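One structure is given below, encoded as structure tokens.
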Amino acid sequence: MAKIAFILLCHKDPDAIIQQARQLTAAGDCIAIHFDARAPKESYAHIHDALADNPNVAFARRRIKCGWGEWSLVQATLYAVEAAVDAFPRATHFYMVSGDCMAIKSASYAHDFLDRHDKDYIESFDFYDSDWIKTGFKEERLIYRHWFNERTQKRRFYWSFWVQRWLGWTRPVPADVQVMIGSQWWCLRRRTIEAILDFKRSRRDVMRFFRTTWIPDETFFQTLVRHLIPGKEIETRTLTFLMFTDYGMPVTFYNDHFDLLLSQDALFARKISPEAKELKARLGMLYASDRQEFKISNEGRSLFTFLTGRGRVGRRFAARFWESESTLGRERELLIIACKKWHVAKRLLGAIKSHTDIPTIAYLFNEEGTQMPDLGGIQGTLGKRTRHRRALMRMLFDYYDSDRLIICLDTANIDLMQDFFSDRSTTKLLEIQCGLSDDFLSGHARRVGLAGEETPAHALAQLLPTIRADVIFESDRIKDAEFPNHLRIRESATPAENAPALAAFLQVSDETARTLAETPYLFVD
């Protein structure tokens with residue numbers, strides 16, 4: 001059966017560390033602790049004395065001062081790993097945690113999970129080809145030597161960098177090593193850890209290289225695991241659930257996040273607020289329990305993006321630089337059908353296609369699989385379609401050899417509507433207003449990743465009012481935009497009441513409009 005040796009790097013809050021160590025070892029696991037040498041000696045002594053009689057606790061043989069971005073973080077990890085390997089010969093897995101991490105599954109579940117999957121869990125992406133590094137230094141992390149801490153010795157850090165760059169003093173990456181990058185929160189099997197320690201002793205050239213790279217805790221273990229272990233035995237993900245804000249700061253979890261954390265496909269979460277006493281108590285009891293059943297919906301990141309995005313609707317939409325001075329054509333007419341219920345808009349689109357000769361395309365900016373002609377690759381992905389939307393629309397007008405074209409948009413796409421209405425072409429908007437049942441909103445939440453198939457009913461019920469308000473708000477934004485040629489049809493209206501809007505939108509006869517309004521099952525979910 002799996003036995004976990006936790007590798008804990010910490011630097012503050014001795015009482016919390018003591019509690020964390022006791023909770024993690026209560027179920028038979030063990031822990032090796034490195035307590036930052038920058039912290040007071042009294043704090044370390046307090047931790048050491050409180051845990052001295054616990055046979056499942058070990059301490060790194062040496063305490064060093066750690067700094068962000070430095071090799072010291074890797075060295076401290078290695079000291080703790082070596083202590084764990086020596087002290088706990090029966091440990092099968094080594095799991096990296098911080099003082100802000102807590103289990104979000106039971107120990108029984110975690111052990112069973114690791115027994116079933118004979119793999120190493122570590123983010124390990126190609127350093128050069130992946131987009132893991134979003135901004136700042138990339139290759140410069142490796143080809144230059146970094147002796148100083150960027151945060152505490154900023155002037156020295158950048159002075160040494162610019163001197164090396166000016167002198168052309170670069171160095172090669174070890175020829176037989178493919179540098180990888182990823183999160184520092186990993187779970188590795190014992191044989192993998194032992195292979196890393198053997199490599200450390202035999203490849204001093206690689207160790208010298210990593211000692212002066214920048215932020216090596218994101219590359220050292222990630223590179224060595226991929227170098228030493230067959231790819232089929234590595235799962236490129238972390239078993240620790242964590243999220244980051246747009247500013248690169250980790251999201252903090254509080255008392256009301258208990259259900260969300262348990263539904264994520266992970267064993268631990270980071271980072272738990274020090275003030276979340278209730279959450280910590282509940283998670284501590286959970287880890288000690290025998291609970292095996294967890295409904296994994298894994299919607300945490302999508303839900304965070306959705307909820308934080310509600311406050312950003314004031315951002316002004318700006319045209320991309322490659323679209324400046326572009327236009328669909330003054331003589332052309334773009335007809336937009338906006339509807340949250342995509343199946344309703346598609347039914348109406350099918351009826352229009354049967355009764356008119358106007359070319360139609362469904363949700364081309366919302367669904368990757370929308371049927372489209374081959375336009376040389378610009379239509380290949382949603383990202384390309386959105387970035388080059390005006391060029392794409394001009395090509396579609398040309399492809400269909402028509403001055404009129406109908407497309408469908410989700411009501412959330414007000415930025416696209418604003419862009420098209422600002423064009424010199426004629427743009428019309430037909431908004432279809434539908435009822436929003438709980439069943440529809442639940443399905444919508446699952447389609448867009450705000451909920452999963454296993455999301456508990458009570459959690460979904462809490463989310464539905466927010467989604468409903470968001471959909472209503474989208475309609476209000478469209479109304480507030482005061483678009484010209486904005487027409488509406490409603491699910492609650494009769495065909496006779498909806499026909500005039502259809503006639504004006506499509507410029508068809510009253511009879512044709514009435515036929516379209518009577519489309520069978522138009523509004524049926």
Side-chain angles (χ1 to χ4, degrees), residues 2-66 72-73 75-88 90-91 93-108 110-111 184-187 239-242 250 252-255 257-258 261 267-289:
K3 183 182 180 70
I4 304 171
F6 293 101
I7 308 300
L8 174 62
L9 264 58
C10 47
H11 64 281
K12 61 180 180 180
D13 204 348
D15 290 329
I17 293 168
I18 294 167
Q19 181 183 11
Q20 184 181 23
R22 286 172 175 166
Q23 286 178 341
L24 293 177
T25 58
D29 292 315
C30 42
I31 189 169
I33 301 172
H34 177 276
F35 192 67
D36 198 322
R38 295 182 191 276
K41 292 181 179 179
E42 296 78 12
S43 296
Y44 177 71
H46 177 49
I47 296 171
H48 194 280
D49 292 345
L51 299 173
D53 60 349
N54 189 329
N56 288 330
V57 176
F59 291 89
R61 64 181 175 85
R62 182 182 172 193
R63 292 174 60 211
I64 59 174
K65 296 179 179 180
C66 297
S72 56
L73 284 174
Q75 186 62 71
T77 304
L78 289 170
Y79 283 147
V81 165
E82 289 167 347
V85 168
D86 292 341
F88 312 122
R90 294 186 180 180
H93 293 78
F94 295 74
Y95 197 125
M96 181 81 174
V97 294
S98 74
D100 297 321
C101 295
M102 286 204 72
I104 56 175
K105 300 291 188 294
S106 66
S108 175
H111 295 153
Q184 64 269 52
W185 310 110
W186 40 255
C187 178
L239 292 179
T240 299
F241 177 65
L242 67 162
T252 301
F253 300 109
Y254 296 92
N255 289 333
H257 288 127
F258 181 78
L261 292 176
L267 302 182
F268 278 71
R270 183 180 186 272
K271 65 186 213 174
I272 310 298
S273 169
E275 286 109 34
K277 306 295 185 184
E278 179 186 343
L279 177 61
K280 287 188 170 187
R282 295 179 73 184
L283 292 177
M285 289 188 291
L286 172 70
Y287 191 70
S289 73

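We use all heavy atoms of the structure for the numbers below, so side chains are in, but hydrogens, waters and symmetry mates are not. For clarity, every value in this text was computed on a predicted model and none was experimentally measured.
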### Summary
In terms of heavy-atom contacts, C101 and Q20 come closest through O-NE2, 3.1 Å
### Message
My understanding is that only one of M96, H34, E82 makes a side-chain contact (heavy atoms from CB on, under 4.5 Å) with T77; could you say which?
### Response
M96
### Query
Going from OG on S98 to CD1 on I7, what distance comes out if it is rounded to the nearest 0.5 angstrom?
13.5 Å
### Query
After noting the C-alpha distance and the side-chain angles of R22 and V57, does the key distance pass the side chain to side chain contact (heavy atoms under 4.5 Å, CB included) rule?
CA-CA 9 Å; R22 286 172 175 166; V57 176; over 6 Å; no
### Backbone of I4 reached by a side-chain donor or acceptor of H111 within 3.5 Å
no
### Task
Applying side-chain contact (heavy atoms from CB on, under 4.5 Å) between I272 and each of I104, L261, D100, N255, report the one that passes.
L261
### Query
How long is the span from the NZ atom in K3 to the CG atom in D29, to the nearest 0.5 Å?
6.5 Å
### Query
Is there a donor-acceptor contact under 3.5 Å from the side chain of R61 to the main chain of A83?
no
### Query
Do you know the tightest heavy-atom contact between S273 and K280?
O-CE, 3.6 Å
#### Entry: Closest approach of N56 to F88 (non-hydrogen atoms, all atoms of both residues)
O-CZ, 3.5 Å
### Query
Out of F241, Y95, F253, W186, which one pairs with F268 under the ring-ring contact (aromatic ring centres under 6.0 Å, His included) rule?
Y95
### Query
What are the two closest heavy atoms between S106 and S289, and how far apart are they?
CB-O, 3.5 Å
### Message
What's the separation between atom CG in L9 and atom OG in S72, rounded to the nearest 0.5 Å?
### Response
9.5 Å
### Query
Run the side chain to side chain contact (heavy atoms under 4.5 Å, CB included) check on I31 and L51 step by step: do they pass?
CA-CA 11 Å; I31 189 169; L51 299 173; over 6 Å; no
## Note on the structure
Taken to the nearest 0.5 Å, the spacing of E278 CD from F258 CZ works out to 9.5 Å
### Message
Can you tell me if R62 has over 12 outside heavy atoms packed within less than 6.0 Å of its CZ?
### Response
no
### Message
Within a 6.0 Å radius of atom NE2 on H257, are there more than 12 heavy atoms belonging to other residues, nucleotides or ligands?
### Response
yes
### Query
Which atom names give the shortest non-hydrogen contact between I17 and C10, and what distance separates them?
CD1-SG, 3.4 Å
#### Entry: Where F35 and H11 come nearest, the two heavy atoms and their spacing
CE1-C, 3.6 Å
### Message
If I take atom CE from residue M102 and atom OG1 from residue T240, how far apart are they, to the nearest 0.5 angstrom?
### Response
13.0 Å
### Task
Mark yes or no for whether R270, through its side chain, and L242, through its backbone, hold a donor-acceptor pair below 3.5 Å.
no
### Query
Would you say Y287 and Q23 make side-chain contact, with heavy atoms under 4.5 Å?
no
### Message
Quick one: does any side-chain atom of E275 pair with a main-chain N or O of Y254 as donor and acceptor, under 3.5 Å?
### Response
no
### Spatial distance of atom CG (N54) from atom OG1 (T25) [nearest 0.5 Å]
4.0 Å
